[in-house]
Amino acid sequence: MSAIQYIKDIYGAVKSLLIGMKQTGYYFTHHKEIITQNYPEEKQQLAERFRGEVVMTHDSNNEHKCTGCTACELACPNGTIKIVTKFEQTPEGKKKKAIDKFVYHLELCTMCNLCVVACPTDAIKMDQAFEHSVFDRSQLTKVLNKPGSKIMEGVE
Amino acid sequence: MLEEVSAIDQGDMIINIGPQHPSTHGVLQLVVTLNGETIKKVEPHLGFIHRSIEKMCESLTYRQFIYVTSRMDYLSSHINNHGCALCVEKGMQIEIPERAKVIRVLMDELTRIASHELWWGAMAMDLGAFTPFFLSFRERETITDIMEDTCGARLTMNYIVPGGVMVDLHPDFQRKVKAFIKLFREKADQYNELVTGNIIFQSRMKNVGVLSKEDAISYGCTGPTARGSGVNCDIRKLYPYEIYDQLKFDEVIETGCDSFSRYLVRVKEMYQSISIIEQLIDNIPEGDFQAKTKAVLKLPKGEFYTRVETARGELGVYIVSEGATTPYRIKFRSPGFSNLSALNHMAKGGKIGDLVAMMGTLDLVIPDIDR
Amino acid sequence: MTNEELKIKLTEVLPSATFEEGGEWVNLSVAPAEWKPFAHQLRATEGLDFDFLFCVTCVDWKTHLSMVYHLTSTKHRHSIVVKSKLDRTKPEIETVCDIWRTAEFHEREQAELFGVDFLNHPDLRKLILTDDFEGFPLRKDFEDPINMIKL
Amino acid sequence: MGSASMIVLIISAIVFAVGGILVSKLLFKKHNSVVKGEAYECGVPTIGKSWVQFNVGYYLFALIFLIFDVELVFLYPWAVVAKSVGWLALVEIIIFMFILFVGFLYAHKKGALKWQ
Amino acid sequence: MWSLGNITHSIDAWLNESFNPALALLIEFVIVGTMAIELFAVLGLVLVFMERKVSAYMQIRVGPNRVGPKGMFQTFADTIKLLLKEGLTPSGSDKFLFNLAPVIAIIAAMLLLAPIAFAKDFQMWDLNIGVLYVSAISSVAVISILMAGWSSNNKYSLLGAMRSGAQIVSYELSAGLSILAIVVLVGSLKMTDIVASQETGWWLFKGHIPALIAFATFIIAATAETNRAPFDLAEAESELTAGFHTEYSGMRFALFFLAEYVNIFIVCAIGATLFLGGWMPFHIGQWEAFNHVMDFIPSSLWFFGKTFFLIFLIMWFRWTFPRLRIDQLLNLEWKYLLPISMFNLLLATAIAIFGWHF
C-alpha cells in the first residue's frame, strides 16, 4: 500500500462518513419532517375502503337485507360466519325462512372481503373500525343483526 | 447430536442464533458452530411457524385459497396472490381484461418497492444503523397508504381474484402514485448517500458471503440473491406474464457475487420498478377490472405450474387438480426456502457479523420459508 | 429446443422413459431405480444441461406416491418435469442432492411431510417438524389431532 | 481535597450500586423457577459449556497491546519535560518511535495484527 | 461573580468555623459523596433522555412525549421500572463475579470524576498526574465487562466480553497517544495546568494540525472505549442480542447502563478539557470586549456546554453509522489510528519545542 493510496483511503472514508452525518444532521434540524402521529389524540383518516370488520347495514326502520342464503358462510375460508335460520310466519300465512342470528367470529376473521363479494343482496359490508382489542375473547364473537330487526321488503 | 458433541471437543463453540434473535427477523433458528469468531458451520432449523399452508389449501376452494397465500411471504403478499390467481386462470383458461392486467402489474411493482424498502431498512439495522429503518418506513408507509385506498388493507391485501382484481382502482390512485414517485426519486438518492456510499457499509458487505454463479444455480437461488451472482433469472423477463413483455425495464444483474452486489441489485430494482410504474400510470386502459367467471371454479383434471417474480425470487405455484372445486395437491415453491439453503455455503469462514449481513442480503422472510 | 426435440433427445438418454401428454413442459416418468443415473445424465449431457432444479414435490395418490421434479436449464431455457412412482408403504428413491444442491433442503422437507426415504441423503433429519413428530402430515390419510377449523 | 477523594468516591460508588440493588430487592417479590435461571440463548437450551477454550485471536492483540502500553507509559514522563528539554527530546523520541515503528511493521508483516 | 468555586470556599470556611476540623472534613466527605451520587443519577437521567430525543429527531420521530412535559420524566419512570424488576441471576453463573461486575463498573466510572475540573476552582482532586490517572482508571472499566461476560455462563456474553477486551485495549493506545500530543504542548499532566494553558485559545484552534488530528483520534478512541456505536461490538444487538449484559436484568442492568452513560460524559469531559479548554471561556486573542463578554458566562456552563457538545457528537455518530466488524475494528486501530497518532505525536512535539503554536 503506497502512502498516497493510504491517505486517499482515509480521505474517502472520512468524506463518506461526513456525507452520512449530513443526512442525519438534516433530519435532526428539520423538525417538520417528523412523521409521528400521536395515536389516541391524532387519529389517521382511514381509507374509505379500509377493511376493519364485517357489519350488517340496517336502515332507520331496523331492517336489513340479509336473506340467510349462507353464500357468505360458504365463501368464508376460516369459518368466521355462522348463520342460524328460523322460519317466520308471513302475513299470508306462508312459512318463510329468515335469519335468526348472524354470528360473526371476529377473532377468526382475516378481513379478506370474500363474504362481502359473495353476498348477493349487499347485506353486509366492511367497516373501518380497527380498535378491536378486548379483555375477553368471547366478546369478539358478535351477532350482526340487531335485535328485533327484520328483512327489508322486496329483498329476495 | 453426536456430531455436535465432537465439535465441542475440538474447542469449538456451538451457538444458537434464533429462534428469538433480533437479526433473524422471525423465528428462524440457526445453529452456528464457531471457532473463535469464525463460522465453521451454519445449520438452519425451521418450522417454528410452519402452518402447512399446502395442506390447508387442499380443503379450500380456488377462490378461497388465494387469500391464504398472502400469509406466506407477507411482504410481497400481492405477488403471491398474483401467482396463485395466474395458476387458476391458466387451468380455467380465463382471459382477463387489459385493465386488470395493468392494475395487477402496477400493484406488483408497488409491492416490490415496499418490500425492498423494508428490506433496506432492516438490512441497515442488521448492520447496526438504526436511522435508515425509520426513513425507509416513511416511503413504505406511503405505498401502504396507496394500497389501503384501493385494496382496503395495508399488508395482506387479498386484492386479486381469479379473473381480475376485486374492486376497481380508487379515483385518487394515479395522483397518489405520482406523488409517491416524486417522493421516492427525491429520497432514494439521499438514502444512497446515507447508506450505499458509506465506507462502513461497503466494507461490511464487500467480499462477504460469496456465492459463485454455479453455486447460486445449484442451490436453486432465485431473485436478487441469484442476480447478485450474475445469474439472469428474472421471471418477468424470461417467462413474461401479464404485460411484462410490453414493458421497458432492465433485469438488474451484478456480478460481484457478494453481499454488496445483492444489496445493489435490490436498490437498483427499486428504480426499475419505479420506471415500470411510470410507464403504466398514465396508460391504464379503460374497461372491466374483472372477467366474468363462474360462481364456482373447477379446474380441469391435470397439473398446472406458474411462476412469478416476487420480491425475493421465483415463486412457483404447482396445482394438481382432480377436477374438483378444491386442489388435490398444491405446492408452493417459495424463493426463501432455496435461498436459505445456500446460507451454510456462504457463511463458512466468515464472522458472526458477516452472518448477519448475509442474512440481511438474503432477505429472509420466515413464513415464506416455513409456509 | 422445442418440446418435440427434447423428447427425442431424452429418449436417446433413457429409452425406458414414458412420456405424458399435455402440459406446457415435457412430462416423463422414470422408475425410482433409474432416476439417479438418469439425473446424472440430465445434468451432464451436452444439449440438455439441466442445471437448475427449481421444484421438488411429492403427491400422494392414495394408491402410490409420486415424486415430481421440475428441472430447467439456465443455458438453453428448456424445462422438463420428471415423475417417479413410489411404493406407498415403503417409498424409497435415491437422493439427487449431490447433483443439485438445492435438493438437500427440498428432499428433507418432502421426507418429513410425506415419509419418502431418500437413500444416501447426507442429513435426512427433520427440518420443519419437531423431532418426535409422528406421521406424515401431507399424506391424504393424515388426521390432525388438533384441527382448528373444526371448532 | 486530595487523595482522600478516591476513598470517598469508592465508598459512594459502593453505596450507590449496592444500595440500588438492595432497594430493588426490597421492592419485588422473588419467584423462583428453573426456567428463569437458564442462560438466554434465543429460547433454546444451550448446547455444550459456555466456558470454553477460546480462540487465540483475541489474546494476540492483548499481547501486542502490552508492549505498546509499556511504551506509552514511558512516553508520559517524557511528554511532560519535552518542551523544556528542547530539540534533544525530539531527536530522542524520533529514535524511540523509529525502533517501535520497525517493531510494529515487523508484527504487521508477520500477520500478528491480522484477524485469522 | 457567582461561581461554584466561591460557593465551595465559603462552605468550607463555614464548616471549619462551626465544627472541629475532623468533623468538618467528614461532613465535607459526606457532601462530596452525596454530590457524586447525585451527579450520577442526574447524568443518567439527562443523558438517556438526551439520547432518546436526539435519536428520535434524527429518525423523524418525536421520541418520548408522554411522561411529564415533552416526556421529560420518561427516564425517571424507566428507572422506577428497573427498580421494580426482579434481578435474575442465572443458575449456572459465577454468582460472586456476576454481582461484583456492575459494582466495579460503577466504581470505575465514579473514580474518574475525581480529576475533572467542572468549573473554576471546582475540582475534587487536582493531582499532578491527572491525565495519567484518567488513562489508568479508565482501563478498569474493561475488567467489569470481562467479569460480567465471563461470569454469566452465556455464550453471547462471553463473545461480547472478549470482543470488548480486544477492542478497549487496542483503542487505549491511540487515546493515550492523542492525549499525549496535548500533554507535550502543555508540558504538564495536571488538569488545572492544561486548562490554564488554554486561556489565550483552545488547543483545538491554536495547536495547528496535530491538535486537530489528535482531537479526531481522541473522539474515535473515546467512542470505542465507551462501547458506543459504531464500535458497540461488545453489545452488538443484531449479533449477540445484548452482548456482555445479556443476562443482567433489573437494577444490575441499570447500573451497567448508567456506567456506560457516565463514562461517555467523562470521556467527553476530558476531551473538552484537553481540546476545548475545559471551563475556560472562549477567548479570541486581543479582542478585550469580546473576551470580557465571554467571561461573563459562568465557567460551569462553559464546561457543561462543551461536554454536551461532544456527547452530542458521539450520539450523532451512533445514530448515523452502522457497526464495524471485529476485524475491521482492530484494523482501523492498528493500521490507521495507531500509526497516525504516533506520527502526530512527533509533529506535536516539533510544534511544541519550536514554539510554532499560537
Side-chain angles (χ1 to χ4, degrees), chain B residues 8 12-18 20-25 30 32-34 36-39 121-139 141 187 193-196 198-208 259 350-360, chain E residues 51-52 54-63 149 152-167 220 223-224 227-243 246 315-332 335-336:
Chain B
I8 292 165
D12 293 347
M13 194 190 224
I14 290 172
I15 191 165
N16 289 301
I17 306 278
Q20 296 297 331
H21 193 276
S23 69
T24 51
H25 304 298
L30 298 174
V32 183
T33 311
L34 287 176
E37 286 249 347
T38 314
I39 294 166
M123 159 102 216
M125 202 154 78
D126 279 349
L127 295 183
F130 289 88
T131 309
F133 187 71
F134 291 90
L135 298 180
S136 73
F137 258 67
R138 171 175 52 183
E139 272 77 66
E141 204 61 14
K187 298 294 178 191
E193 276 188 357
L194 178 61
V195 176
T196 316
N198 190 304
I199 181 86
I200 305 178
F201 264 108
Q202 290 193 3
S203 54
R204 277 297 297 276
M205 286 193 282
K206 274 183 183 161
N207 296 320
V208 162
S259 287
K351 308 274 184 300
I352 306 180
D354 293 341
L355 181 70
V356 174
M358 281 172 232
M359 287 201 298
Chain E
E51 173 112 279
R52 288 178 156 192
V54 167
S55 69
Y57 286 134
M58 282 181 181
Q59 294 167 345
I60 48 177
R61 305 183 279 126
V62 280
S152 295
N153 187 25
N154 181 308
K155 289 165 185 166
Y156 298 127
S157 306
L158 184 65
L159 275 171
M162 288 294 163
R163 282 176 170 193
S164 164
Q167 173 189 338
I220 293 171
T223 322
N227 276 324
R228 296 277 297 178
F231 306 105
D232 60 343
L233 283 146
E235 47 200 284
E237 81 294 310
S238 64
E239 296 156 30
L240 304 177
T241 57
T246 307
M315 284 180 183
W316 196 354
F317 291 155
R318 170 161 183 187
W319 299 109
T320 310
F321 301 138
R323 185 178 302 118
L324 287 153
R325 205 169 59 211
I326 180 76
D327 55 330
Q328 292 166 347
L329 177 98
L330 295 169
N331 249 347
L332 174 69
K335 271 205 190 128
Y336 295 94

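All chains are named by letter (A, B, ...) in the order of the sequence lines, taking the proteins before the strands, and each is independently numbered beginning at 1.
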*Under a 4.5 Å heavy-atom cutoff, which of E/Arg61, E/Met58, E/Arg325 has the most pairs with chain B?*
E/Arg325
*Does any N or O in the side chain of B/Arg204 come within less than 3.5 Å of the main-chain N or O of E/Gln328, such that one atom is a donor and the other an acceptor?*
no
_Looking at chain E, which one of B/Leu355, B/Ile352, B/Ile15 has the largest number of heavy-atom pairs inside 4.5 Å, strictly under?_
B/Ile15
*Kindly write out the residues that satisfy salt bridge (charged side-chain N to carboxylate O under 4.0 Å, His left out) with B/Lys206, not counting sequence neighbours, or none if the list is empty.*
none
_Between E/Thr320 and chain B, with a heavy-atom cut-off of 4.5 Å, which part of the residue counts as in contact: side chain, backbone, both or neither?_
both
*Against chain B, label E/Ile60 side chain, backbone, both or neither, depending on which of its atoms sit under 4.5 Å from a heavy atom there.*
side chain
_Part of B/Ile199 lying under 4.5 Å from any heavy atom of chain E_ = neither
*asked:* Please check this pair: side chain of E/Lys155 against backbone of B/Ile14, looking for a donor-acceptor N/O pair closer than 3.5 Å.
replied: yes
*Under 4.5 Å from any heavy atom of chain E - which part of B/Val208*: side chain
*asked:* Ignoring hydrogens, what is the shortest heavy-atom contact between E/Pro230 and E/Pro322? Give both atom names and the distance.
replied: CB-O, 3.2 Å
*asked:* Here's a test for you: under side chain to side chain contact (heavy atoms under 4.5 Å, CB included), which of E/Asn154, E/Thr246, E/Leu240 qualifies with E/Leu159?
replied: E/Leu240
_Under 4.0 Å between a side-chain nitrogen and a carboxylate oxygen: does that hold for B/Glu193 and B/Lys187?_
no
_Among the listed options E/Leu324, E/Leu233, E/Asp232, E/Leu332, the residue most often paired with chain B at heavy-atom distances under 4.5 Å_ = E/Leu324
